[in-house]
There are 2 protein chains.
Amino acid sequence: MVYHKTEKVLEKQQSRKRKILNAARELLAEKEMGNASIKAIAKKAGIATGTFYLYFRDKDALIDTMLKEIYKELLDLIKKERAPYTNGFDKLEATMKACINMFMSKKNLARILLDLTPQNNAVFNTKFSDIINDLIRLTKIDLDELIEQKLIPEQDTQVSATAFVGAFREVILAWINSDEPLDAEIAYQTIINFNLRGLGKS
Amino acid sequence: MVYHKTEKVLEKQQSRKRKILNAARELLAEKEMGNASIKAIAKKAGIATGTFYLYFRDKDALIDTMLKEIYKELLDLIKKERAPYTNGFDKLEATMKACINMFMSKKNLARILLDLTPQNNAVFNTKFSDIINDLIRLTKIDLDELIEQKLIPEQDTQVSATAFVGAFREVILAWINSDEPLDAEIAYQTIINFNLRGLGKS
DNA sequence: ACATAAATTGAACCAATATTCATTTTATCT
DNA sequence: AGATAAAATGAATATTGGTTCAATTTATGT
């Protein structure tokens, strides 16, 4: 005999999975990431440690799901912000602004996506570097287009895109980790200018 | 009664400390850094695990010493390479070339200084970010000088320096971790150009 | 309300690794 | 060479954190 879950139970389970993911996000975003043990995550989510394994096969599965989710949120926002533009520079700038806005308002996401003090978790590191590489890949597409349109000089766009993302990441990270809120408006314009000039925007 | 160490013993001890540090360097630079356990380090250094603790208070002390040492080597090289130049741009370029050369010839150093470390070692991460911040600080000094000389436009040099280092790091890292040796000469020139243009070199 | 499926619990288990310490080996001094 | 200080050893210990599972609680269907 098989029992069927009621709507109420399904909702409760979904909510629990959500709570686990949120707890993991919060704990992973903290300065001392060592605290993101299964026990701590379960506690923060308000469940017993064993319960965790009813929702995720193992810790790797959680990390994987969480990173995919966060990255998707970022890409969705970027897509939305870029939509109004056709000019290559505008699109790049919109991308940067979308990232800045998201990371400023959700610092925990930024710490997880950009920070360089990763976990002693193989899956985390792999996934993480996949994401950075994907951001570089997307940037490269824009750069190739800009060259196509002769808006920037010929260059190794793989390298440029890597530099572009690296510069951006480092600045956002410094931003997030600094206590004194630097002058956002100036810093903001500085990194955007740096990157666009770096490409050779004439 | 206190015995006095002979020269021979002192030398042997120095050599052992050296061996431990070298073993740690090599193991930490490997892709799978998980292998850098005290046991593995001791084994590679040719000593018993317990002996390690006669040379370093604990693992943190080892990491600390090692990072300081590597960073000093890098700074010494940079200093030497910059010596011939007085022009700000030349100095910056010399710095980048020094870094590239060092990192290319000693990939293990680069991995340790620039790469993500799956070590959940608090000391490692702290030290590591200290080093990056110091590199940014040194770069900022150069940028302020360039502005002073009106060679680049006014800008938030803290942010620019951060972007500069971030771009550079990301490119070197991609370089190191890629298997196919991309065209060094082009990549090399691309990142240098990106950064100098980014600053607004006219 | 009863029987059984499903979900939950948290203590126990296990693996990995840093650190200690009783014992052994080597070095120093008379 | 004998006595003892110093160094070295590696098995034992401690700790941390992921995972399992027998026991308990809750949900479902008659």
Side-chain angles (χ1 to χ4, degrees), chain A residues 1-21 23-24 27-28 30 32-66 118-125 127, chain B residues 1-21 23-24 27-28 30 32-66 117-125:
Chain A
M1 175 90 247
V2 176
Y3 291 164
H4 291 294
K5 294 174 186 175
T6 66
E7 194 58 32
K8 194 180 141 203
V9 168
L10 278 172
E11 269 170 30
K12 185 181 163 199
Q13 288 184 335
Q14 263 195 312
S15 136
R16 281 205 153 171
K17 190 157 189 172
R18 196 52 287 130
K19 272 188 182 154
I20 293 171
L21 283 162
L27 288 173
L28 277 167
E30 281 176 9
E32 296 298 334
M33 302 208 208
N35 302 331
S37 66
I38 298 292
K39 264 166 205 162
I41 291 169
K43 191 177 176 187
K44 188 160 195 112
I47 59 174
T49 57
T51 310
F52 170 86
Y53 290 89
L54 299 174
Y55 290 88
F56 294 93
R57 173 174 34 263
D58 53 22
K59 194 176 185 181
D60 285 354
L62 168 68
I63 300 286
D64 188 81
T65 304
M66 189 196 67
Q119 312 306 296
N120 51 353
N121 179 305
V123 167
F124 192 106
N125 292 317
K127 271 273 145 208
Chain B
M1 176 87 247
V2 176
Y3 290 165
H4 290 295
K5 294 174 185 173
T6 66
E7 194 57 31
K8 194 181 140 203
V9 168
L10 278 172
E11 269 170 30
K12 185 181 162 198
Q13 287 184 336
Q14 264 194 314
S15 135
R16 281 205 152 171
K17 191 158 190 173
R18 197 47 290 129
K19 273 188 181 154
I20 293 171
L21 283 162
L27 289 173
L28 277 168
E30 280 176 11
E32 296 301 333
M33 302 207 208
N35 301 331
S37 66
I38 297 294
K39 237 175 230 171
I41 291 169
K43 190 177 176 187
K44 191 162 193 106
I47 60 174
T49 57
T51 310
F52 171 86
Y53 290 89
L54 299 174
Y55 290 87
F56 294 94
R57 172 171 37 262
D58 53 22
K59 195 176 184 179
D60 284 354
L62 168 68
I63 301 286
D64 187 84
T65 304
M66 189 196 65
T117 75
Q119 296 290 318
N120 200 11
N121 183 311
V123 167
F124 195 107
N125 287 327

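Not measured: the values here are computed from a predicted model. By convention in this document, chain letters (A, B, ...) are assigned in the order of the sequence lines, proteins followed by strands, and residues within each chain are numbered from 1.
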### Query
Should B/K5 and B/Q13 be marked as a side chain to side chain contact (heavy atoms under 4.5 Å, CB included) after you check the CA-CA gap, both sets of side-chain angles, and the distance that decides it?
CA-CA 10 Å; B/K5 294 174 185 173; B/Q13 287 184 336; 3.3 Å; yes

How many whole angstroms separate atom [atom1] of [X] from atom [atom2] of [N]?
{"X": "B/F56", "N": "C/dT20", "atom1": "CZ", "atom2": "C1'", "value": "19 Å"}
{"X": "A/I38", "N": "C/dT9", "atom1": "CD1", "atom2": "P", "value": "15 Å"}
{"X": "A/Q14", "N": "C/dA7", "atom1": "CD", "atom2": "P", "value": "14 Å"}
{"X": "B/K43", "N": "C/dA18", "atom1": "NZ", "atom2": "P", "value": "15 Å"}
{"X": "B/D60", "N": "C/dT17", "atom1": "CG", "atom2": "C1'", "value": "14 Å"}
{"X": "A/H4", "N": "C/dA5", "atom1": "NE2", "atom2": "P", "value": "13 Å"}
{"X": "A/K17", "N": "C/dA7", "atom1": "NZ", "atom2": "C1'", "value": "15 Å"}
{"X": "B/I41", "N": "C/dA18", "atom1": "CD1", "atom2": "C1'", "value": "11 Å"}

Quick check: closest heavy atoms across [X] and [Y], and the distance to 0.1 Å?
{"X": "B/K44", "Y": "B/L27", "value": "CD-CG, 3.8 Å"}
{"X": "B/I20", "Y": "B/L62", "value": "CG2-CD1, 4.0 Å"}
{"X": "B/L28", "Y": "B/A36", "value": "CD2-CB, 3.9 Å"}

Let me have the donor-acceptor pairs involving side chains of residues 49-58 of chain A, under 3.5 Å, with sequence neighbours excluded, atom names and distances please.
from, atom 1, to, atom 2, distance (Å)
A/T51, OG1, A/A48, O, 3.4
A/D58, OD1, A/D60, N, 3.3
A/D58, OD1, A/A61, N, 3.0

### Message
Return a single string for nucleotides 5-14 of chain D, one symbol per nucleotide in 5' to 3' order, where B is base contact, S is sugar-phosphate-only contact and - is none, cutoff 4.0 angstrom on heavy atoms.
### Response
SSSBBBB---

### Query
Run the side chain to side chain contact (heavy atoms under 4.5 Å, CB included) check on B/K19 and B/I47 step by step: do they pass?
CA-CA 9 Å; B/K19 273 188 181 154; B/I47 60 174; over 6 Å; no

